[in-house]
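Quick notes on the structure that follows.
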Amino acid sequence: MDIAAQSIEGGFADPVFNAQTVFRAVMDAMARPGSVQPLPALARPPAPLSATAGAVALALCDNDTPLWLDPALHTSAAIGSWLGFHTGAPLANTPADAHFAFVATPAEMMALDGFSQGTQDYPDRSTTLILQVSDLASGTPLLLEGPGIETSATIAPAQMPRHFIEQWKQNIQRFPRGVDIILATAEGIACLPRTTRIKTMEA
């Protein structure tokens, strides 16, 4: 299949209903950090962009939200064309210019402070990162505390950056600025908003 055909194929079958489904899952996951919100495979983007990450892009991105793709995704012309056709979103020149960043290989991701942090007056101008992970159970266990969590929650996302917890502590210190993260698996999503405190289980 050529790039033009790949660009058109694989979008939402029911754009309004599907977008609402994904948006609701993201909002629920942001409101309850660490909870896993199931999400069916509503999109079929070109590989290696996952179905879940692709669905998030279709629901959240538009022509006013520049996107940044990590090297694994950026090398695919088909992915850039698919996102452009279905969302209208332009590609950001740098991570700091992006409203959304899609990362296929989180273990190799640049530091969180390289993305837009927003400003004190406009903290919502920060980057939301969508990280593709194989699962939320086989990585280093993360103990989550903070708003939206009754006592604590635990997730263990696979393929996370080696110094993620240290980076996240710095992210919290920048509040109200800072990035938010959506973890995308084949089964659904979980979110780490910038207000969530993260500890290792040993801490």
Side-chain angles (χ1 to χ4, degrees), residues 1-13 15 18-19 22 25-26 39-118 125-136 138-140 157-164 167-168 171 178-192:
M1 185 184 298
D2 62 24
I3 291 176
Q6 283 185 293
S7 301
I8 298 170
E9 301 281 327
F12 285 152
N18 292 161
V22 177
V26 171
L39 205 56
L42 298 173
R44 292 179 290 105
L49 186 65
S50 72
T52 302
V56 170
L58 299 190
L60 301 185
C61 302
D62 58 32
N63 55 10
D64 292 323
T65 58
L67 310 180
W68 183 82
L69 306 177
D70 80 343
L73 298 173
H74 188 73
T75 55
S76 169
I79 290 175
S81 296
W82 188 85
L83 289 168
F85 178 82
H86 289 285
T87 71
L91 293 180
N93 292 322
T94 70
D97 296 323
H99 287 212
F100 295 95
F102 291 82
V103 180
T105 56
E108 302 169 19
M109 183 175 67
M110 62 182 291
L112 296 179
D113 62 7
F115 297 95
S116 175
Q117 305 296 305
R125 292 181 179 173
S126 66
T127 306
T128 297
L129 280 65
I130 296 87
L131 308 186
Q132 296 183 185
V133 295
S134 59
D135 62 75
L136 297 168
S138 67
T140 300
Q159 297 121 7
M160 295 295 280
R162 177 187 242 175
H163 301 295
F164 175 71
Q167 290 185 41
W168 191 259
N171 190 59
V179 302
D180 302 311
I181 289 178
I182 299 172
L183 299 167
T185 74
E187 289 74 36
I189 59 170
C191 289
L192 299 172

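Residues that satisfy the side chain to side chain contact (heavy atoms under 4.5 Å, CB included) test with Pro106, not counting sequence neighbours, are Val103, Leu131, Val133, Pro161.
Here the CH2 atom belonging to Trp82 is positioned 9.5 Å from the CZ atom belonging to Arg44, to the nearest 0.5 angstrom. Arg162 CZ to Thr140 OG1: the interatomic distance, rounded to the nearest 0.5 Å, is 11.0 Å.
Ser116 is not listed as a side-chain neighbour of Asp97, based on a closest heavy-atom distance of 4.5 Å or more. When side chains are defined from C-beta on, Leu67 counts as touching Cys61, because their heavy atoms get closer than 4.5 Å. Using a 4.5 Å cut-off on side-chain heavy atoms (C-beta onward), Pro157 and Leu183 make contact. A heavy-atom distance below 4.5 Å is found between the side chains of Ile182 and Leu60. By the 4.5 Å heavy-atom criterion applied to side chains, Val22 and Leu42 are counted as neighbours. The shortest distance between side-chain heavy atoms of Ile181 and Trp168 falls below 4.5 Å. Taking the side chain as every heavy atom from C-beta outward, Glu187 and Asp135 never approach each other to under 4.5 Å. With contacts defined as side-chain heavy-atom distances shorter than 4.5 Å, the pair Leu58/Asn18 does not qualify.
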CA sep, side-chain torsions, deciding dist, call: Leu69, Leu49, side-chain contact (heavy atoms from CB on, under 4.5 Å): CA-CA 10 Å; Leu69 306 177; Leu49 186 65; 5.9 Å; no

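For His86 (side chain) and Ile8 (main-chain N/O), a donor-acceptor pair under 3.5 Å exists by modelled atom type. With hydrogens and angles disregarded, a donor-acceptor distance shorter than 3.5 Å links the side chain of Ser76 to the backbone of Ile79. Without hydrogens or angle criteria, Asp70 side chain to Met109 main chain gives no donor-acceptor distance under 3.5 Å. Counting only distance, with no hydrogens or angles, the side chain of Thr128 and the backbone of Asp180 share no donor-acceptor pair below 3.5 Å. At least one donor-acceptor pair under 3.5 Å links the side chain of Thr127 to the backbone N or O of Ala98. Side-chain atoms of Glu108 never come within 3.5 Å of backbone atoms of Pro71 as a donor-acceptor pair (strictly under, hydrogens ignored).
For the residue pair Pro45 and Gly54, the shortest heavy atom distance occurs at CG-CA, 4.1 Å. Minimum interatomic distance between Met110 and Gln167 (heavy atoms only, all atoms of both residues): O-OE1, 4.4 Å. Heavy-atom minimum distance, Gln117 versus Asn171: OE1-OD1, 3.8 Å.
Just one residue in the list Phe115, Phe100, Phe102 forms a ring pair (Phe, Tyr, Trp, His ring centres under 6.0 Å) with Trp68, and that residue is Phe115.
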